[in-house]
Protein chains: 4
Amino acid sequence: MKSKRDLWSGRFRKRLDPEARAFSSSPEDAAIARHDIIGSIAHAMTLRRAGIISERESEEIVEALRSIYKEVSADAAEFLSGEEDVHMAVERRLTSMSPAGPKLHTARSRNDQIALDLRLYVRENSLRMMRGIISLQKALLRRASGERSTVLPGYTHLQHAQPVYLSHHLLAHFNRLERDFRRIASDMDRNCFSPLGACAIAGTSHGIDVRYSSSLLGFPRHFSNSIDATSDRDFVLDACYSNAVTALHLSSMAEEFILWSSAEFSFIDIPDELSTGSSIMPHKKNPDMAEHIRGLASRPISDLSGVATILHSLPLGYASDLQHVKRYLFDSFEVTSSLLSVASSFMSSVRFNRERMREAASDPLSYSVEIVDQLVQSGMAFREAHELVGRAVLKSLDTGKALSDVLSQAGVRANVPSVPEESVEMRGSEGGSSLESIRKQMRRASSVVEREGRELGAAERRYESMVDTLLGK
Amino acid sequence: MKSKRDLWSGRFRKRLDPEARAFSSSPEDAAIARHDIIGSIAHAMTLRRAGIISERESEEIVEALRSIYKEVSADAAEFLSGEEDVHMAVERRLTSMSPAGPKLHTARSRNDQIALDLRLYVRENSLRMMRGIISLQKALLRRASGERSTVLPGYTHLQHAQPVYLSHHLLAHFNRLERDFRRIASDMDRNCFSPLGACAIAGTSHGIDVRYSSSLLGFPRHFSNSIDATSDRDFVLDACYSNAVTALHLSSMAEEFILWSSAEFSFIDIPDELSTGSSIMPHKKNPDMAEHIRGLASRPISDLSGVATILHSLPLGYASDLQHVKRYLFDSFEVTSSLLSVASSFMSSVRFNRERMREAASDPLSYSVEIVDQLVQSGMAFREAHELVGRAVLKSLDTGKALSDVLSQAGVRANVPSVPEESVEMRGSEGGSSLESIRKQMRRASSVVEREGRELGAAERRYESMVDTLLGK
Amino acid sequence: MKSKRDLWSGRFRKRLDPEARAFSSSPEDAAIARHDIIGSIAHAMTLRRAGIISERESEEIVEALRSIYKEVSADAAEFLSGEEDVHMAVERRLTSMSPAGPKLHTARSRNDQIALDLRLYVRENSLRMMRGIISLQKALLRRASGERSTVLPGYTHLQHAQPVYLSHHLLAHFNRLERDFRRIASDMDRNCFSPLGACAIAGTSHGIDVRYSSSLLGFPRHFSNSIDATSDRDFVLDACYSNAVTALHLSSMAEEFILWSSAEFSFIDIPDELSTGSSIMPHKKNPDMAEHIRGLASRPISDLSGVATILHSLPLGYASDLQHVKRYLFDSFEVTSSLLSVASSFMSSVRFNRERMREAASDPLSYSVEIVDQLVQSGMAFREAHELVGRAVLKSLDTGKALSDVLSQAGVRANVPSVPEESVEMRGSEGGSSLESIRKQMRRASSVVEREGRELGAAERRYESMVDTLLGK
Amino acid sequence: MKSKRDLWSGRFRKRLDPEARAFSSSPEDAAIARHDIIGSIAHAMTLRRAGIISERESEEIVEALRSIYKEVSADAAEFLSGEEDVHMAVERRLTSMSPAGPKLHTARSRNDQIALDLRLYVRENSLRMMRGIISLQKALLRRASGERSTVLPGYTHLQHAQPVYLSHHLLAHFNRLERDFRRIASDMDRNCFSPLGACAIAGTSHGIDVRYSSSLLGFPRHFSNSIDATSDRDFVLDACYSNAVTALHLSSMAEEFILWSSAEFSFIDIPDELSTGSSIMPHKKNPDMAEHIRGLASRPISDLSGVATILHSLPLGYASDLQHVKRYLFDSFEVTSSLLSVASSFMSSVRFNRERMREAASDPLSYSVEIVDQLVQSGMAFREAHELVGRAVLKSLDTGKALSDVLSQAGVRANVPSVPEESVEMRGSEGGSSLESIRKQMRRASSVVEREGRELGAAERRYESMVDTLLGK
């Protein structure tokens with residue numbers, strides 16, 4: 001930590017103790033360095049418009065900030081090294097470049113500044129998550145298309161329930177991600193307002209135009225209450241929660257990959273480049289990318305609980321506790337982003353053992369519902385049919401006789417499917433397991449991905465154009 | 001637990017062990033008993049439409065279910081006593097009333113049935129939360145209106161920052177609740193589809209019309225993937241999360257009430273009917289409703305973490321683990337609902353000590369920003385002005401001299417506000433602290449509450465009319 | 001809630017609002033009703049010894065309390081119905097029975113009273129947990145003994161690593177429970193002091209002998225600091241944590257049962273009386289006791305997080321927030337106790353499919369480490385041997401040739417085990433996989449269980465004799 | 001990440017994908033680099049003793065490892081840069097230094113190796129925590145001694161309950177830390193065994209002496225079950241839990257400092273070197289070290305919940321999920337260590353405003369219990385006395401008359417204390433509030449700190465001497 005004067009030195013006799021300075025510093029701020037500068041450029045322009053700084057001062061400050069932006073984009077960690085936080089680092093550099101630098105802090109406090117930085121960070125990274133989600137959805141859709149009629153057991157309670165197509169199974173994961181996409185979109189919409197101008201807690205006596213800075217920064221709205229604007233961290237909670245749900249979804253997918261790669265299931269082969277071996281056992285090939293996903297999925301969940309612990313029983317108004325939501329937030333996005341990326345690689349390259357899956361799905365016992373349904377359709381009450389077929393299953397297990405034989409010996413007339421596909425195709429209801437339903441699902445999924453892509457593309461363009469404009473590109 | 005035959009008795013030789021039965025039973029199911037019946041009525045109508053049951057059978061079943069609904073509405077706990085879950089309890093009663101009863105389970109599994117029950121439960125209770133939120137927002141708005149120009153210190157770091165109006169402070173809480181309302185609304189929108197017809201995991205071979213049952217139950221959409229429909233519990237996570245955020249907001253409000261009722265703050269008096277005394281200390285009057293809110297706010301948070309622990313690394317397809325999200329979900333809604341209700345009572349009846357608040361806000365040191373701003377407006381750089389005023393503050397503290405005197409001795413010309421209201425009014429920016437801004441905020445808040453009321457009213461009417469129709473009212 | 005006077009009515013003009021009363025009541029107090037009475041008997045005796053009440057008054061109070069104890073033991077819920085908490089319920093009943101009743105509250109506050117009740121509750125229930133742990137350990141030991149030489153694959157990354165005996169695997173679970181037992185024992189030891197006499201926060205001016213009440217209640221120590229004594233809830237955290245760890249251990253065991261009961265593993269058969277079937281699929285037999293264990297294991301974990309959220313940033317001195325740790329605590333013990341009990345039943349009655357396990361363990365590839373070890377023992381460097389055997393494994397997989405053939409073709413002289421037992425027996429190091437090691441482990445485990453039993457027996461007798469003495473038995 | 005051959009290359013055709021390699025790498029391993037080397041030295045000696053490597057090879061390897069230890073001690077992060085984990089980094093360096101290097105991996109897997117590294121890390125860092133706890137206890141004891149008779153209000157519900165001495169209050173915090181010390185000590189005792197020799201999961205066929213390596217590494221016991229030894233992470237949970245409890249205790253202390261530094265309380269002055277100011281408000285002086293403590297205390301709590309999420313439902317045997325407990329563990333220790341350190345500085349240097357505290361404690365209403373007690377001692381029943389004094393309090397509040405006057409007008413004879421000290425001294429029971437009790441508490445606390453110091457000193461010496469011996473010092 002370099003020696004330097006504190007921002008608040010006037011009222012103080014002694015400087016902050018070095019250990020205390022280290023304790024309260026934010027090395028993680030590299031994540032928001034670019035956003036801090038973008039926000040400062042917009043603020044400089046707003047000060048200029050209010051006549052608080054001159055045209056020349058504004059140009060000088062903006063030029064300097066744009067050059068700092070480049071420096072930070074090249075290596076934010078290096079830029080921040082030895083500084084307690086990003087605000088100080090940028091201010092110090094700016095002041096060394098422009099005599100007007102210190103004026104930038106007129107009509108702004110670190111309280112509205114950090115709130116803005118975090119909102120910009122969340123906006124950019126939410127778009128990144130949406131991109132990652134679409135990418136995994138596309139991988140799922142591609143694999144579903146290739147495995148349209150690959151049959152495997154559908155499981156409930158990890159027991160064979162009824163045969164289904166692998167495409168059906170993969171599209172269930174697709175649907176989860178679709179909700180994740182929509183959840184982020186509604187978070188962004190709800191939380192989208194600029195806090196700039198709220199200052200420390202109560203606004204400012206400088207006549208700045210908060211509509212102007214909001215619009216420069218691409219916010220459709222500005223804050224309506226300065227106390228709320230500086231202490232609100234709901235958008236942090238929301239982002240951490242949305243990431244946690246995505247992580248939960250990926251942990252579920254990972255669990256299946258781990259099960260499926262076991263010798264007992266043997267439903268998949270993992271490519272060498274996504275497996276590791278054992279330092280001691282030469283025959284091992286481990287599904288550890290999936291295990292890493294499952295283990296790392298705990299992070300966004302515990303990040304969320306960390307933010308909640310901080311916010312519980314914290315009164316209104318900024319408090320330094322809020323500084324510590326940053327690490328949870330940044331970690332949540334970093335981890336979830338890499339989970340999505342690795343899950344996409346995994347999903348794209350795993351080999352499905354079609355024969356093995358079909359073999360597992362070929363147990364006639366798992367067609368029992370279709371037999372019950374036929375009995376019901378021929379007039380038997382459901383519970384009676386269930387009992388009758390249940391007893392036949394038990395007899396088949398005990399005697400080793402085929403279920404169809406047991407049934408016909410018992411005088412039951414029913415068409416027991418001879419291959420699993422027959423059973424699957426019987427369930428032709430909407431959203432059900434037949435190929436016809438799969439085709440519909442895939443059409444729907446394609447159009448969902450397309451719509452998401454359009455929506456995200458537009459949002460990305462808005463964000464980039466906001467940044468480009470402020471950077472003078 | 002009464003002795004009875006298991007639903008699956010055909011394939012089994014022995015009956016479930018009593019301890020195991022108790023372990024896997026769901027005494028909490030009273031919460032969803034009404035929803036289960038509603039769902040069954042819609043299913044009976046759907047079976048009728050598909051020709052699976054006759055007109056007469058359908059009428060008989062629906063009549064019986066409507067009568068069970070009344071019984072359950074009167075005392076659900078009594079109805080369920082000794083049964084392992086709501087599905088069994090309703091089925092047993094129905095079968096005793098109507099010979100066609102067992103046919104109701106055609107083309108439906110407990111997996112899609114419980115998914116439906118929970119979705120109906122969440123829909124009804126989300127509306128209840130929205131009602132509770134509006135009620136607290138109205139209380140805040142009323143009190144803000146009455147304390148429009150009551151001045152108190154705005155706090156950052158629990159230190160006096162700048163004077164603000166109490167109305168401004170109360171409206172910050174309003175804004176938090178506004179986001180809570182919108183979060184629930186978007187959850188409901190995203191999760192609003194009917195799972196009925198997904199059966200165990202893979203749909204059914206009975207040609208039922210899932211669009212019809214969806215529309216009877218007031219869902220704008222039906223499931224697109226049966227595997228997802230039966231294992232998706234995102235809507236449970238979402239509801240638990242939304243409740244947790246509201247609980248966090250209320251814990252923050254409660255913390256302030258506790259602080260404010262301390263002898264040191266003395267900002268509020270709590271009415272006798274919302275306080276308790278001490279069993280040993282006769283002089284005590286405790287803010288324990290606020291403490292209960294703060295302590296109970298931990299429940300929706302831990303409920304959320306419980307659901308996440310269950311869902312982490314759970315593969316697709318129904319598993320009995322999912323049975324245990326119910327208790328978290330029901331608890332989350334029950335607790336949050338009572339938090340909202342008590343917070344409303346508290347907010348409506350607490351007495352604000354205006355004199356004491358104003359006295360605390362009358363420290364000229366807390367007008368320092370306005371002095372700095374004046375110096376900046378007269379041409380001094382911000383950082384310089386901050387340093388100069390900071391030194392004056394220190395001198396004032398050291399010597400006991402008034403800040404205005406210290407400043408004029410130092411040759412600084414600035415108008416030090418003589419009363420806190422002067423300081424508050426100087427911050428006239430939008431969303432800032434002046435009365436003008438408060439008036440705007442209150443107009444906005446009024447229209448927000450009105451819009452929310454309309455939106456909620458329409459949703460409630462839709463829900464009630466769906467229920468009434470199915471109940472034949 | 002019956003109408004009645006508040007304990008603190010003197011200083012208040014109005015009575016507590018009914019909704020507020022309900023909000024702050026503790027219906028869960030049935031769990032500590034017996035402990036509350038036991039504590040009150042000890043307090044009455046202490047007051048008598050200090051001369052604060054007369055011999056006759058003491059006898060009257062103690063007699064009444066003993067009779068209330070019987071009533072409460074018969075039906076605590078009924079006893080508490082309509083009361084806000086256990087302290088009020090007991091006091092009201094006592095006062096109706098004995099004119100000296102009101103004197104019992106001399107030199108005691110609800111703050112030290114509830115602290116005592118909870119400590120007694122935790123002591124009794126910790127003993128119950130230890131009993132449950134021993135019971136499951138015995139089941140594990142019994143099954144390990146019966147499956148001493150049953151061979152199954154040892155798994156890492158859910159891949160076949162090396163064959164091991166099932167007894168070895170079961171004893172790994174035993175060791176976890178051994179740590180759980182010891183953890184509880186050290187918690188009890190660390191937290192074992194009586195808070196009685198600390199009163200509201202600062203002791204009392206009545207000359208009571210806190211050593212006497214401590215010793216009546218079987219505490220080896222009494223509080224040393226009255227502020228700590230009334231606000232300390234570390235023992236609640238500790239108990240919730242210990243339960244959470246046990247729950248985690250059982251979730252791991254349950255996960256294995258679920259895997260092992262899948263068609264793909266088929267390592268176990270679950271007896272009918274511990275399985276359920278499907279309401280729709282007559283062939284299903286679900287491992288749902290194991291799933292309930294896995295799902296319910298989330299409860300003690302979320303209970304712990306709830307207590308932590310309450311305690312975070314709570315200042316010293318009693319606060320009503322502390323009232324809400326009770327539900328977490330009681331739930332934690334109730335759930336963990338039933339998890340232990342069901343896990344014991346399951347472990348005792350599950351059937352192990354020895355043939356299927358041995359078949360899975362018979363893949364020569366999983367003997368690769370033993371081959372590497374032989375090469376190392378004949379002078380090859382470890383990494384070289386690992387590489388060489390790894391290549392042979394790959395060739396064997398590619399060509400379908402036996403690993404031993406591939407190796408001998410490559411000129412490698414090594415004794416490839418012909419049955420899994422050969423491989424297991426090669427690992428003869430202490431704690432390793434050979435039968436010799438298993439025998440040692442089992443002897444150790446037997447003596448551990450014996451020692452635990454003695455330790456627990458003595459503690460139970462101490463507790464019971466304390467209770468019996470106070471109840472005059 | 002440098003290009004290199006994988007440890008398991010024999011069985012694989014393709015190398016690990018770079019993104020996958022990054023995803024599964026452990027940059028946080030710097031924390032255990034020293035421990036890894038220490039463990040390897042002990043393993044080399046054990047291999048030598050078993051005759052698996054020669055005397056010369058052993059010396060060569062040990063020399064190389066000692067030199068790597070120095071390098072790592074100088075800059076572990078640099079040493080690990082570009083490597084996927086510490087094991088690979090050390091192995092690569094060792095192999096480049098000694099041709100015998102690859103032999104070190106005989107009879108050891110990464111599974112027992114990492115288990116050992118983490119156990120050594122936890123042992124060293126647990127000692128560090130105990131040192132930090134003692135240091136804060138000493139600060140508390142020192143300040144308590146200096147403020148022995150400083151009087152302040154004791155609070156319940158954040159309301160004035162009864163006056164107490166500040167020393168009494170500070171010693172309550174001392175007692176919490178005493179339990180923290182003892183909790184860590186019992187964790188260390190329970191978890192203290194060496195896993196070395198358990199290899200991948202099932203021990204080894206090399207005849208190594210696990211007692212020898214245990215004793216070299218200072219473990220009193222070695223593992224009894226190899227499966228447990230490689231998958232047990234209870235010691236990680238235990239350490240994270242113990243840290244979380246300490247963090248909760250410090251958050252409580254921090255909350256009090258924040259309250260006490262508010263203008264309303266003004267109980268403390270924070271020295272300039274432990275405060276910060278505001279970037280915008282020149283008069284501000286913020287208690288932000290205390291806020292950082294309160295906010296950062298969330299970290300060990302969320303770290304614990306992260307570990308629990310990973311371990312929930314994870315079957316026996318090593319899985320890569322376990323890799324991810326490391327970051328939680330390291331973070332938990334790092335954060336808790338700095339919390340303890342900053343809390344000590346804070347506690348040592350804060351200035352207590354004795355006059356202000358005494359003034360707050362001088363409200364005669366807060367002596368009400370002593371008046372009640374006198375009435376009881378003169379024969380009135382407790383509840384009656386409580387009611388009578390309560391009514392007097394209300395009258396005093398209503399009329400503004402002194403409580404003593406109200407009482408004497410009502411004909412009540414009682415000695416109302418005239419100064420708070422009188423009230424404090426009346427509560428002379430053991431552990432109570434009188435100076436006599438404080439003196440006893442301080443004597444006890446002194447001897448506790450002394451005993452802890454001796455115990456810790458001995459443990460530190462054992463640890464250091466183990467390290468020194470292995471490093472040949």
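Here is the naming used below: chain letters follow the sequence lines, and residue numbers restart at 1 for every chain.
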- prompt: Is a salt bridge present between C:Arg182 and D:Asp187, judged by a nitrogen-to-oxygen distance below 4.0 Å?
  reply: no
Minimum-distance pair of heavy atoms, taken over all atoms of [X] and [Y]:
{"X": "D:Pro315", "Y": "C:Leu259", "result": "CG-CD1, 4.4 Å"}
{"X": "C:Arg176", "Y": "D:Ser231", "result": "NH2-OG, 4.0 Å"}
{"X": "C:Gly432", "Y": "D:Ser226", "result": "CA-OG, 4.1 Å"}
{"X": "D:Thr156", "Y": "C:Ala200", "result": "CG2-O, 4.0 Å"}
{"X": "D:Asp234", "Y": "C:His249", "result": "OD1-NE2, 2.7 Å"}
{"X": "D:His168", "Y": "C:Asn225", "result": "O-ND2, 2.9 Å"}

query: Taking it one step at a time, do D:Arg179 and C:Asp238 satisfy salt bridge (Lys or Arg N to Asp or Glu O under 4.0 Å)?
result: CA-CA 11 Å; D:Arg179 286 189 292 276; C:Asp238 286 346; over 6 Å; no
message: Is D:Arg183 in contact with chain C via its backbone, its side chain, both, or neither, using a 4.5 Å heavy-atom distance?
response: both
- prompt: Counting only N and O atoms by type, is there a donor-acceptor contact under 3.5 Å from the side chain of C:Tyr155 to the main-chain atoms of D:Ala319?
  reply: no
query: Just by distance, do the side chain of C:Ser251 and the backbone of D:Ser313 share a donor-acceptor pair under 3.5 Å?
result: yes
message: Ring-plane angle category for C:Phe382 and D:His105, please: parallel below 30°, perpendicular beyond 60°, tilted otherwise.
response: tilted
query: NE2/C:His173 to CG/D:Asp228 distance, rounded to the nearest 0.5 angstrom?
result: 9.5 Å
- request: Please report the C-alpha distance between C:His312 and D:Arg294 in whole Å, then the side-chain angles of each, then the deciding distance to 0.1 Å, and finally whether the side chain to side chain contact (heavy atoms under 4.5 Å, CB included) criterion is met.
  value: CA-CA 8 Å; C:His312 179 257; D:Arg294 192 175 60 178; 4.2 Å; yes
